[in-house]
2 protein chains.
Amino acid sequence: MSRLEASAVNIGEVARRAKVSRSTVSYALSGKRPVSEATRQRIQRVIDEMGYQPNASARALARGETRTLGLVFPPAGSHYTDMQLDFIGGVAEAAAARDYDVLMSMADAGEEQSFQRLVGERRVDGAILMEIRLEDARVDRMLRTSFPFVTIGRVARPDDTAWVDLDHLTLVRRCVQHLSDLGHRHLAFVNRSEALLRAGYESARRGQDGFELAIRQLGLRGVAYPCDDDAMAGERLAERVLAEHPETTGIVTVNEASLGGLYRGLTGAGRTIPRDVSVTGIAGARWAEAVTPSLTAADVPAHEMGRIAIDLLLERIGDQRTPPRHQLLMPPIVLRASTGSAPVSSGDHHAPAGS
Amino acid sequence: MSRLEASAVNIGEVARRAKVSRSTVSYALSGKRPVSEATRQRIQRVIDEMGYQPNASARALARGETRTLGLVFPPAGSHYTDMQLDFIGGVAEAAAARDYDVLMSMADAGEEQSFQRLVGERRVDGAILMEIRLEDARVDRMLRTSFPFVTIGRVARPDDTAWVDLDHLTLVRRCVQHLSDLGHRHLAFVNRSEALLRAGYESARRGQDGFELAIRQLGLRGVAYPCDDDAMAGERLAERVLAEHPETTGIVTVNEASLGGLYRGLTGAGRTIPRDVSVTGIAGARWAEAVTPSLTAADVPAHEMGRIAIDLLLERIGDQRTPPRHQLLMPPIVLRASTGSAPVSSGDHHAPAGS
DNA sequence: TTGAAAGCGCTACCAT
DNA sequence: ATGGTAGCGCTTTCAA
């Protein structure tokens, strides 16, 4: 006996009630063929009456496109950051605005399981890959199969792929420059976790490159530390920095999740921000403003990055032949209350910025 | 070999190469009919060679199920909280473990657009609704069409629906109790935004109920304030509370996003936490630990809630006839550093530290 | 144990 | 301007 999802109205039923053929209903809906105003209205009335909506699976099968985009993000093991949520929000919003849905997939650079489903079973027309590594198996795979995709962050050979990324190198350099301008000579850099670094996360790598470059160019002293993505790690790291390099007066951090702990460690050790130690870096605006004193930082435009990723992806889907485009973002550093002149011993002035 | 290139491979091609019928290939894959070991292996070899994977749309159409679940969350206008991200992570993980995909949809209680796509076009087999209101049009609609769904939070008539929720009322009462035990007599309650309250967000409502109930039962004094979901609002609110009720020594907050600002406002006004003012409430563990001093709070088990939501939903999908189940969670209050005994002079008068 | 074929609901081509 | 119909790729009956 046949399955009876009777509730599901289909195009045939609409056609019958409107006394037209199924194709006419289809065309009335898509507008891909002229339909006389009279029949169009009659069809529309029936559709409204019956609450008809075309079945997405059937349409996808017939059209050969799902109008769904995949969003591949890392498993929770590595804790999510606030900016990732904003990013997801941006993606979902932009996709909806362009009449696409977003399918979430959790897969790290190694795992192929969930990933196979997305592209192998053609559940999506294209995909966005988060938390990219410099060498990334998923990227290689997509390139091989010429499956449309966009990465958040760049791989080692950035010209082959479409991506949107923060210019971590420049951003960190600017942070160092800012501290240097304020008279700080001894800096520390708080990076993402050692595991991420070792795995080749490009943002972690390039941030560190920027730090070391700037330190050299400006003739400063500076040490880079990896740090796990949580408050406790930040707190311990602050203690360690002060123990190993008590002369440190400026800190640059790209590790948003550890920020609260970093502050706590600093103040716990008797340092006042920004009187004794200035802190700056890259972070989501919400975190930058949640801490006291609020963080002078390059605010990650996560929401916008989501939007851009969608646009780049739709571009790829629409035209596979054009070489992929990229977008490198350099949000300005927003001055807040966590940076000020270096203490007199290492600078000249002593006037904290902001309050 | 041209392994993945061949994603355009379909079941017919596999059948031909294996010299069997398409149905045999299908059965070999699904195991719904015995297939001789010899042919099974032959088929498998061809599948491996060609990298065949069944097309999801076609399968969904034929089977009448998409093996996709919808996750409906509110547009970014109302700021996302950290716990929402954890929740999404939990949902995605649990779904993947059960061989389902998750489709994101952004729709608030009013908007039907994106929402229609999910359920109307049968893109998903069931849906999870976040940020529910006591009276929620989406819920009514799903009930009417008997579409399987689960809500995060309860509607006014909770017995009709499947849901997972925090017991905000009890949790807030416990917070008040905790402060009361520490000798605090004058409390303030920091709720979600006025807009959310007015819109009938159940968590905001019940939290406030719990506060007022506990205040009455314990014979305390207390005032409830709505607060927008950001640091600045928290800061302003702290100032307002101290201005209107300087005798306040205990604060209960369910507004995670404003927490950092609340702290800043308190300390900015010369109050030390927890010496002068104790703070406690409901929050994601990461936020509770990011602030200094870390927040004594009932930690929202967002990840677990995501998992539970998936389980409840699959239960609904599997069996529409059984009455819906619910789960009310009451995570314990984790003692951290933001609460302490009330100041000795508490009750009559308070001398600000900075005077 | 296997094959043939009828759908699933929609789109788009070929007619008229 | 409209109708008829052959697919899209898979599942699942019905037959052998």
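In what follows, chains carry the letters A, B, and so on, assigned in the order in which the sequence lines appear, proteins first and then strands, with residues in each chain numbered from 1. The model shown is predicted, which means the values in this text are computed figures rather than measured ones.
In this entry the distance linking CD of Q41(B) with P of dT2(C) reads 12 Å, nearest Å. Atom CD of E13(A) and atom C1' of dC8(C) are 16 Å apart (whole Å). The distance between atom CZ of R63(B) and atom C1' of dG7(C), rounded to the nearest whole Å, is 16 Å. Distance, N10(A) CG to dG7(C) C1': 12 Å, rounded to whole Å. Rounded to whole Å, the distance from CD1 on I11(B) to P on dC8(D) is 14 Å. Distance CD1 (I47(B)) to P (dC10(D)): 10 Å, rounded to an integer number of Å. Distance L29(A) CG to dC10(C) P: 9 Å, rounded to the nearest Å. Put simply, CD on Q53(A) is 15 Å from C1' on dC10(C), counting in whole angstrom units.
Side-chain N/O atoms of S23(A) and S26(A) include no donor and acceptor closer than 3.5 Å.
Counting heavy atoms from C-beta outward, I11(B) and N55(B) have side chains that stay 4.5 Å or more apart. Looking at W163(B) and L328(B), their side chains come closer than 4.5 Å, going by heavy atoms from C-beta outward. In this structure the side chain of F73(B) never reaches within 4.5 angstrom of the side chain of Q84(B), judged on heavy atoms.
Taking 4.0 angstrom as the limit, T39(B) places a side-chain polar atom (N or O) nearer than this to OP1 or OP2 of dT2(C). Residue K32(A) has a polar side-chain atom (N or O) positioned under 4.0 Å from OP1 or OP2 of dA12(C).
The pair R117(B)-D101(A) counts as a salt bridge, with a side-chain nitrogen and a carboxylate oxygen less than 4.0 angstrom apart.
The side chain of L61(A) lies closest to dG9(D), out of dC10(D), dG3(D), dG9(D). Residue N55(B) places its side chain closer to dG9(D) than to any other of dT12(D), dT1(C), dG9(D). Comparing dT2(C), dC10(C), dC10(D) by their closest approach to the side chain of R59(A) singles out dC10(C). Comparing dT11(C), dT12(D), dT1(C) by their nearest atom to the side chain of S36(B) picks out dT1(C).
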Grab the N/O contacts between the protein and nucleotides 4-6 of chain C below 3.5 Å, and write none if there aren't any.
unit_1 : atom_1 : unit_2 : atom_2 : d
dA4(C) : N6     : S23(B) : OG     : 3.2

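Residue-to-nucleotide proximity on DNA chain C shows that, of T24(B) and A58(B), the 5′-proximal contact is made by T24(B).
Here the side chain of D125(B) pairs a donor or acceptor atom with the backbone of T66(B) at under 3.5 angstrom.
Distance check: R42(A) CZ to R17(A) CZ gives 14.0 Å after rounding to the nearest 0.5 Å.
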